[in-house]
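Report on the structure given below.
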Amino acid sequence: MPSRPHARIFQVLVKTHTLTIFLALPNETTILVVKEQVLSAFKDDVFNGIHNVPRILSLDDFVLSREVKERANGTTSYEALTNDQLLRDVVGNWAVLFMQFKDGSGKIQPVEVTVPSLTDDDDDVPCTPSAGIDFAMDEDEAFEESSVRKGKRKAVD
């Protein structure tokens with residue numbers, strides 16, 4: 001069975017520290033163009049108030065890397081991407097790329113990314129499929145409430 005063709009437009013997430021830059025680019029885009037887009041985002045006024053992220057002034061101040069998970073021993077490493085590689089050859093749609101900054105001597109620093117929690121640590125959020133349903137209501141109310149959220153259905157007279 002032939003493999004599915006690549007999407008024409010890739011959604012690419014570029015992460016560093018606590019920031020994520022979302023890009024929508026053609027799948028034939030080179031990594032150099034992705035780096036140019038990231039540099040453009042860093043030069044925007046929005047980044048002036050962000051602290052704890054190294055300043056980049058040129059394309060030579062950072063590299064883009066992809067995460068490589070080794071299944072045998074469960075470790076994760078990062079592979080630096082070269083400027084001439086095409087997105088479709090190194091990642092898929094909705095790929096996550098990571099920024100690795102260079103120090104003053106040109107040495108590549110390790111990836112620094114903080115992934116935020118999807119739930120608040122202070123609140124007790126149920127982690128069950130029925131999250132959001134009040135168990136105190138009787139079954140008829142629960143059925144009526146759930147049937148409203150089912151999407152398009154035939155009208156019942």
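Just so you know, residue 1 is the first one in the sequence shown, and it goes up from there.
- Under the 4.5 Å side-chain contact rule for hydrophobic residues, Val63 and Val14 do not share a cluster.
- With values rounded to the nearest 0.5 angstrom, Leu97 atom CG is found 6.0 Å from Ile31 atom CD1.
- Annotation: side chain to side chain donor-acceptor pair (under 3.5 Å) contacts involving residues 26-44, sequence neighbours excluded, comprise Glu28-Arg88.
- For the residue pair Phe42 and Met99, the shortest heavy atom distance occurs at CE1-SD, 3.5 Å.
- Using a 4.5 Å heavy-atom threshold, the side chains of Ser77 and Glu70 count as touching.
- Using a 4.5 Å cut-off on side-chain heavy atoms (C-beta onward), Val113 and Phe98 make contact.
- Taking the side chain as every heavy atom from C-beta outward, Leu87 and Val12 approach each other to under 4.5 Å.
- The backbone N or O of Leu57 sits less than 3.5 Å from a side-chain atom of Asp61, completing a donor-acceptor pair.
- No side-chain heavy atom of Phe62 sits less than 4.5 Å from a side-chain heavy atom of Thr16.
- Here the closest non-hydrogen pair linking Phe10 and Val91 is CE2-O, 3.4 Å.
- Residues meeting the side chain to side chain donor-acceptor pair (under 3.5 Å) test with Ser65, sequence neighbours left out: Gln100.
- Judged by distance alone, the side chain of Arg66 and the main-chain N or O of Ala80 form no donor-acceptor pair under 3.5 Å.
- When side chains are defined from C-beta on, Lys15 counts as touching Val96, because their heavy atoms get closer than 4.5 Å.
- The two residues Ala41 and Ile21 come nearest to each other via the heavy atoms CB-CD1, 4.0 Å.
- Closest heavy-atom contact between Val34 and Leu25: CG2-CD1, 3.6 Å.
- Between Leu13 and Trp94, the shortest heavy-atom distance links the atoms CD1-CE3, 3.7 Å.
- Side chains of Gln11 and Phe22 form no contact here, defined as non-hydrogen atoms less than 4.5 Å apart.
- Within the 4.5 Å cutoff, the side chain of Phe101 has no heavy atoms near those of the Glu112 side chain.
- Remark: Arg8 CZ to Asn93 CG distance equals 13.5 Å, nearest 0.5 Å.
- In the hydrophobic clustering of ILVMFWY residues, with side-chain heavy atoms under 4.5 Å counting as a link, Phe47 and Leu39 come out together.
- At a threshold of 4.5 Å between side-chain heavy atoms, the hydrophobic network of Ile, Leu, Val, Met, Phe, Trp and Tyr places Leu19 and Leu59 in one connected group.
- Linking ILVMFWY residues whenever their side-chain heavy atoms come closer than 4.5 Å, directly or via other members, leaves Ile108 and Leu64 in distinct clusters.
- Side-chain atoms of Thr76 and Lys69 include no donor-acceptor pair closer than 3.5 Å.
- Around atom CG of Asn52, no more than 12 heavy atoms belonging to other residues, nucleotides or ligands sit under 6.0 Å away.
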